[in-house]
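Have a look at the structure below, then the notes.
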Amino acid sequence: MSLSGRVLHAETTTTTHIALFPSAGMGHLTPFLRLAAFLVHHHCQLTLITINPSVSLAESRFVSRFLSAFPQVAHVQFDLLPFDPSTAKSNDPFFIQFEAIRSSAHLLSPLLASLSPRLSALVYDVSLISSVIPVTESLHLPNYVFFTSSARMFSFFAYFPAIASSSGALDSALLGDALKIPGIAPIPRSSIPPWLLIPNSLFAHMFSEDSPKLTKVNGVLINTFKGLEPEALDALHSRKHNEPEFPPVFGVGPLVPLEFEKEDQYSPAISKWLDEQLDGSVVYVSFGSRTALSRDQIREVGEGLVKSGFRFLWVVKDKKVDKEEDEGVEEVVGKELMELIKEKGLVVKHWVDQGEILGHRAIGGFVNHCGWNSVIEAAWHGVKMLGWPQHGDQKINAEVVEESGLGMWVKSWGWGGVELVNGDEIGEKVREMMESQTLEVKAGRVREEARKAAEIGGIREKMFKELIGKMEQEK
Ligand code: UPG
């Protein structure tokens, strides 16, 4: 599929004017800009509000590429109030930015009020609910949350108040061994994001403040589709049926990589290498845009890949924020290991065009942390996964990967950075995933479901039409 700004420009005739307000990090920005492209395709007029400066270089480059492909989208930069990072609840630069945006969000009022034609709706990141609602209420502006993770994770988020203690964190006693949310498979205690068990952590605070406010939200958008998450989507629809105050959920996925995302700096070298490999013979290894493994773990991964016996394309990340990456791939991986790797794989330490890689015929499997965008991209291409969740929502997403048949994950590896997983084990599991005919077939079925959802007249188009129809009625 190709959605390109120029072609769409001619089709744009609408007066449904939507402002989009993403938060920090590529995991949040990427699905937002894909959503934006689809809304343009459905003849909406858009204003994109971004924070300047962004935390990572990848974000600013992505916004530039989007804006040059879609000149019809208006762009407004939103200046944050000064925020003292020493007062933040987290020391993660992306999460500090979440907090900084939350504490400046009231300044959105005059900005949104000044947009012309009058806005039909604001679609904003899930991390901003409590701070945005007073703004949209004061402007009588319909507000829609874009939940950037899985529907299963959203079910958990929406259920949170029922199991939170007075400190805002999850109540251990209420949680038990597994969390039983009506309509979905229980979430084992070990899959619950650890931050949520810590009183006053940023996420415990955000979940306990924001989740009860879902009743004030006009709708929730999730980058998913029925063929991937039937159970969670059905449960959310039944919840809406039983509790009319609960917002309607729109499964607008799969939001897949689009033309404007093409990264041409490094793509030719990677494509050339992939072109030389046999069909389905290469393992692609990447842990998304913001997960840096420890040096020791990186070396174990390298050894494991060599031991797996498969060829591999491995994206190494040494720092959470790309601007801080200051060492070469050889320094990070180690000279000796690089020598061993040379014959077997391609190792890079820069941004890659993941959409293009996953779509290459040579890729036969994907080792990944189960960031939700990566899961959707793997589903789109039917590439089987070995999930290795590192933090946050990723174990809950890994459960979707396993349940849908898209891949497997190794529960005993635990959260990232807690225990060192050794190369032998990694090699063995990579081999198991790559050799699994069962996973191959099941991942192929998930791909078919994704393609079906994305057809003209398919469920994704239906969801967009319903969503925009609702926004038009609410104007
Ligand atoms: N990507 C590239 N090239 C790279 C690295 C990443 O194109 O070199 C893309 C990738 O294709 C994907 C996005 O960047 O579209 C990364 O998103 P995701 O796979 O979701 O991983 P994270 O960057 O880790 O995403 C954060 C959280 C994750 C969560 C997600 C959505 O870490 O846990 O599910 O946001 O909320």
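Everything quoted here is computed from the prediction, not taken from an experiment. In what follows, every heavy atom counts, from backbone to side chain, and hydrogens, waters and symmetry copies are set aside. For ligands, and for the atoms within them, numbers begin at 1 and follow the listed sequence. The first residue in the sequence is number 1, and the count goes up from there.
Considering both main-chain and side-chain atoms, T30 never comes within under 3.5 Å of ligand 1 through any nitrogen or oxygen pair. The shortest N/O to N/O separation between E377 and ligand 1 falls below 3.5 Å. No N or O atom of H391 sits closer than 3.5 Å to an N or O atom of ligand 1.
With no hydrogens or angles considered, a side-chain donor-acceptor pair links S172 and R189 at under 3.5 Å.
When non-hydrogen atoms are compared, ligand 1 lies under 4.0 Å from the side chain of D393 (C-beta onward) but not from its backbone. If you look at H369 next to ligand 1, the close heavy atoms, those under 4.0 Å, all belong to the side chain.
Distances below 4.0 Å separate heavy atoms of S289 from the following atoms of ligand 1: 22 (P), 23 (O). Close approach to Q354 involves these atoms of ligand 1, each under 4.0 Å from a residue heavy atom: 2 (C), 7 (O), 10 (C), 11 (O).
Below 30°, between 30° and 60°, or above 60°: for F250 and Y144 the angle between ring planes is between 30° and 60°, a tilted geometry. Between F38 and H41, the ring planes lie perpendicular to each other; the angle is over 60°, past the 30° to 60° tilted range.
Nearest protein heavy-atom neighbour of atom 19 (O) of ligand 1: S374 OG, 2.5 Å.
A donor-acceptor contact shorter than 3.5 Å links the side chain of E229 to the backbone of A151.
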